[in-house]
There are 2 protein chains.
Amino acid sequence: MEEKEISQAVIGRLPRYFRYLGQLKDEGIERVSSQELSDIMKVTASQIRQDLNHFGGFGQQGYGYNVGYLYEEIGKILGLDKEHKLIIIGAGHLGQALANYVNFERRGFIFCGIFDNDPAIYGTQIRDIEVRPVEEMEDFIKSNNVDIAVLTIPKQCAAAIAERLVSCGIRAIWNFAHVDLNVSEEIQVENVHLLDSLMKLSYNLASRRK
Amino acid sequence: MEEKEISQAVIGRLPRYFRYLGQLKDEGIERVSSQELSDIMKVTASQIRQDLNHFGGFGQQGYGYNVGYLYEEIGKILGLDKEHKLIIIGAGHLGQALANYVNFERRGFIFCGIFDNDPAIYGTQIRDIEVRPVEEMEDFIKSNNVDIAVLTIPKQCAAAIAERLVSCGIRAIWNFAHVDLNVSEEIQVENVHLLDSLMKLSYNLASRRK
DNA sequence: GAGGAACTGTCAATTTATTGACAGAAAAAA
DNA sequence: TTTTTTCTGTCAATAAATTGACAGTTCCTC
């Protein structure tokens, strides 16, 4: 899809650009220069221009960037113009919290199933979707064309579940389990290691950064 | 505390080293070389040695690293040898999920209060701690010596709450609200922008990164 | 206890990321 | 219209991060 491989550092900044542009759009602002945006976002104007230029020339000399257009384009680059079906594996507190987070839907991430291995909660309704036994996971993925699996399960089961997900054709895993998944390179994995993040905060607190 | 500023790239890798070392320790393994660790962790041995060396020579030529010792030392560097009291602002689904996550306690992060602005849930018990009105937040922080505030509130209220937190002396914020907080440089902020993470996954899915 | 193998710590080389500079295009002003 | 200003896209320079190389220490074997 892309000609040259674009670094994850750049990709990681796109959602933030998207967020600020959405905000400017909501404020009714139609154009913005890299300099203005850099002031708001506290990054260099050079970085903004460089980043955006990886994907093509969205701006115009002497004018800047059209907020609405750039917002749309970054949305497309991020794949937000398409719907992604996602299922959640693990209906514990975190799984349920994510299932209830409606903002994902606004960006095209459609929550369509949640699975657990505890019979006591089978059938529990979360936003009109009932908790299913994890045994039904494979069939559900195949028959519902699921793109993304969200892993909110204990680390002990994560590897086994990941393997099952891969073998039934899932393409992406959003992993909240506190282990690194060892799956094929073709499967996209995005880790959210909350404890790691908290430890980083703890370090910075202890070392009184800046 | 530290002589030279250590880059956030290095800090960000420490929790992962810590995790793998903990695992080796649990398996009863006493020593490990940077080469062995690099094989397991899929990073270069050079990077491991370089990273660890920022904090001092933990290894021994011809022997490698003592797993238990290195584990302890990284724990100290991350500040995990001390207890950190944390409170959660926002008792929605995510706030409650985090409040219920007992693994934080194992690393010294003590959940000791949760606040909300919805009177309907005041008094609700979460792990023996009741949801308090957010008005009591400031007094609670001051009288309980709270280190970290976890923000699980809508982005609209985040800035105002952050300001209140800062003015009553909080030193660190773990921010789950989908905005960048504009607080003094002395306050450590660690953002967990779930939607950004999901968008990154979406991009990689769309561009089929290897 | 001597010799070879296994390692680290560190320095240098390389790669990657970020920032600065500027030519030239468009817009705004005169 | 002409001139001046604004602002991008891009290239070059700088800075930062990662990797490679190796001297020298320790361990292990014989």
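Below, each value reflects all heavy atoms present in this structure, side chains not excepted, and no hydrogens, waters or symmetry copies.
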What is the distance from [atom1] of [X] to [atom2] of [N], rounded to the nearest Å?
{"X": "I48(B)", "N": "dC7(C)", "atom1": "CD1", "atom2": "P", "answer": "13 Å"}
{"X": "Q50(B)", "N": "dG9(C)", "atom1": "CD", "atom2": "C1'", "answer": "9 Å"}
{"X": "F55(B)", "N": "dT8(C)", "atom1": "CZ", "atom2": "P", "answer": "17 Å"}
{"X": "I6(A)", "N": "dT16(C)", "atom1": "CD1", "atom2": "P", "answer": "15 Å"}

Among residues at least two apart in sequence or on other chains, which ones pass side-chain contact (heavy atoms from CB on, under 4.5 Å) with [X]?
{"X": "T152(A)", "value": "I88(A), L94(A), L98(A), V150(A), F176(A)"}
{"X": "A172(A)", "value": "I148(A), Q188(A), L201(B), L205(B)"}
{"X": "E36(B)", "value": "V32(B), S33(B)"}

Could you tell me whether S46(A) contacts a base, only the sugar-phosphate backbone, or nothing, with contacts defined as non-hydrogen atoms closer than 4.0 Å?
base

Give the nucleotide from the list dG9(C), dC7(C), dA17(C) with an atom nearest to the side chain of Y65(B).
dG9(C)

Suppose the criterion is side-chain hydrogen bond (donor to acceptor under 3.5 Å, both in side chains): which pairs have a residue in [range], not counting sequence neighbours?
{"range": "residues 155-164 of chain B", "answer": "E138(B)-R164(B)"}
{"range": "residues 37-48 of chain A", "answer": "Q35(A)-S38(A), Q35(A)-D39(A), K42(A)-N182(B)"}
{"range": "residues 69-80 of chain A", "answer": "Y71(A)-R107(A), E73(A)-K76(A)"}

Sidechain N-carboxylate O distance under 4.0 Å for D147(B), K85(B)
no

Are a donor atom and an acceptor atom from the side chains of N66(A) and Q60(A) found within less than 3.5 Å of each other?
no

Write out all pairs satisfying ring pair (Phe, Tyr, Trp, His ring centres under 6.0 Å) with one or both partners inside residues 134-162 of chain A, taking only residues at least two apart or from two chains.
F115(A)-F140(A)

Any ring pair (Phe, Tyr, Trp, His ring centres under 6.0 Å) involving residues 84-108 of chain A? Give me the pairs, sequence neighbours left out, ordered by first then second residue.
H84(A)-F109(A), Y101(A)-F104(A), F104(A)-W174(A)

When you match E36(B) and N53(B) each to their closest nucleotide on DNA chain C, which lands nearer the 5' end?
E36(B)

Ordered by number, residues from residues 18-27 of chain A within less than 4.0 Å of DNA chain C (heavy atoms) are none

Show the atom names and distances, to 0.1 Å, of all donor-acceptor pairs under 3.5 Å that link a side chain in residues 19-26 of chain B to residues at least two apart or in another chain.
residue: R19(B); atom: NE; partner: H178(A); partner atom: NE2; Å: 3.3
residue: R19(B); atom: NH2; partner: D196(A); partner atom: OD2; Å: 3.3
residue: Y20(B); atom: OH; partner: D180(A); partner atom: OD2; Å: 2.7

Contact letters for nucleotides 22-30 of chain C, in which S counts primed atoms plus P, OP1 and OP2 and B counts the base, heavy atoms under 4.0 Å
B-BBBSS--

What is the first contacted nucleotide of DNA chain D and what is the last, in 5' to 3' order, if contact means an atom lying under 4.0 angstrom from a heavy atom of chain A?
dT6(D) to dC11(D)

